[in-house]
Amino acid sequence: RFLSNLLIQMYGKCGDPDTALHIFDSIPHKNAFSWSIAISAFVDNGNISGAKSLFDRMPSKDTISSTALLVGFAAAGDLSSAMLLFQSMPVKDTIAWNSIIAAYARHGQLPRARELFDATPKKNSSSWNTMIAAYSQNGHCRAALHLFRTMSNEGQRSDMVTFVAAIDACAGLSALVAGKLIHSIAAAAGLVAFHVEVATAVVNMYARCGHLGDAAEVFCGIRGKNLISWSTMINAFVQNGCAARALDAFYAMNVDGQAPDSVTFKSILSACSHAGLFDDGFLHFELLVRDFGIVPTMDHFKCMVDLLGRSGRLEEAEELVNTMPFVPD
RNA sequence: ACCGGCUUAGGCAUG
């Protein structure tokens, strides 16, 4: 049964919930793990009706499976079902509370999220992190920082996610002084050296404050740079008008063995268009499609049209608009 | 000792 449960999980993570369900059904004596793993398999694949029908079949619905389904409802944008389920749960643990807070936060309903946060009986770090990130992601960066301070005042232990959220809020405000301070606290706790996520958030923060040098310095110190940290640095160069350095970083990224994605290319094409690097723009558009097999998005085409327009090739620009696989806007 | 649910980093083409 352990093994079957692991298999269900594996198929779920591989985007094959039907096979997962098949294995699930073949287990003679399902335990609580079996059910929740199978429900999560559907949720992770965006199949909320599959998750729900499985949940309905469940003989005794526990907190974990209920929360898994709740998260599925939230991901599908069905907040009322999420809330109904939450209310129906006889036992609500902290994760259940955090999940319903996140559900409202993700849909921009901050006052509701805050009410639930305030009503959460036993808050843990994730509860605070959820709420801080909620403010920051909805543009209420001041409130995010305020809550960050309250969190430490109340003696709640922070973790690396707390710092990512707080540094993100500073980035949103271009608040260099606060950002530096929080960076130093995080660094002293060893979080910057140990977690790419924290370091990347710091890089982004400095870049948004216009401090490219500090951004680059922190970036260079990252061991195990990944797609996101590279893209952050590349975008930092682009935003600060350094197209050439962005292109250099792009090559360094490939040497480092990290494949760029659609977002990376958006920054690169944007750099080319901004700097009028006509040939580079086309070269990279070709790379995107041919070498990396990425499907160009509307944004990519807009960069290319802009690039053509800036270099005075209006007819070609027009032709591209007419032939691209999108409705021009 | 070992399986399940919550929060976190890159884009935002009117540059």
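Chain identifiers are assigned alphabetically (A, B, ...) following the order of the sequence lines, protein sequences preceding nucleic acid strands; residue numbering begins at 1 within each chain.
Atom CE in A:M131 sits 9.0 Å away from atom CG in A:L116 (nearest 0.5 Å). A distance of 4.5 Å separates OG in A:S273 from CZ in A:R310, rounded to the nearest 0.5 Å. The distance from atom CE of A:M58 to atom NZ of A:K30, rounded to the nearest 0.5 Å, is 11.5 Å.
Rounded to whole Å, the separation between the C1' atoms of B:U7 and B:C3 comes to 22 Å. Taking atom C1' on both B:A1 and B:G5, the two are 23 Å apart, rounded to the nearest angstrom. Going from the C1' atom of B:C2 to that of B:C6 covers 23 Å, rounded to whole Å. Comparing the same atom, P, in B:G15 and in B:G11 gives a spacing of 15 Å after rounding to whole Å. The C1' atoms of B:G10 and B:U14 are separated by 23 Å, rounded to the nearest whole Å.
What separates CG of A:D93 from C1' of B:G5 is a distance of 8 Å, to the nearest Å. Straight-line distance from the CE atom of A:M10 to the P atom of B:G4: 16 Å, rounded to whole Å. Going from atom CG of A:L3 over to atom C1' of B:G4 covers 15 Å, rounded to whole Å. Between the CE atom of A:M324 and the P atom of B:A13 there is a distance of 15 Å, rounded to whole Å. A:N240 has its CG atom 16 Å from the P atom of B:G15, to the nearest Å. Whole-Å rounding puts the A:L6 CG to B:C3 P distance at 9 Å. As rounded to whole Å, 11 Å separates atom P of B:C3 from atom CG of A:N5. In this structure, A:K13 atom NZ and B:G5 atom P are separated by 6 Å, rounded to whole Å.
Relative orientation of the A:Y135 and A:H140 rings is tilted, given thresholds of 30° and 60° on the angle between their planes.
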With Watson-Crick and G-U wobble geometry limited to distances under 3.5 Å, how should the secondary structure of RNA chain B be encoded in dot-bracket form, using | for bases paired to another strand and [ ] for crossing pairs? ...............

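In terms of the salt bridge (charged side-chain N to carboxylate O under 4.0 Å, His left out) criterion, residue partners of A:R114 (sequence neighbours excluded) are, by chain and number, A:D118.
For A:F250 and A:H284, the ring centers sit closer than 6.0 Å to each other.
Between A:D25 and A:R57 there is a salt bridge, with a side-chain nitrogen of the basic residue lying less than 4.0 Å from a carboxylate oxygen of the acidic one. The pair A:K302-A:D306 does not count as a salt bridge, with every side-chain nitrogen at least 4.0 angstrom from each carboxylate oxygen.
Here the side chain of A:K302 is nearest to one of B:U14, B:G5, B:G4, namely B:U14.
At the heavy-atom level, A:S34 lies nowhere under 4.0 Å from the strands shown. The residue A:A32 sits close to a base: some heavy atom pair falls under 4.0 Å.
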Quick one: what's the B/S/- string for nucleotides 7-12 of chain B, heavy-atom cutoff under 4.0 Å, read 5' to 3'? BBBBBS

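A single hydrophobic cluster is not seen to contain both A:I95 and A:I39; linkage of ILVMFWY side chains at heavy-atom distances under 4.5 Å, directly or through other members, places them apart.
Under 3.5 Å, the side chain of A:D62 and the base of B:G4 form at least one donor-acceptor pair of N or O atoms.
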Verdict with supporting geometry, A:Y206 and A:F219, side-chain contact (heavy atoms from CB on, under 4.5 Å): CA-CA 10 Å; A:Y206 280 124; A:F219 176 75; over 6 Å; no

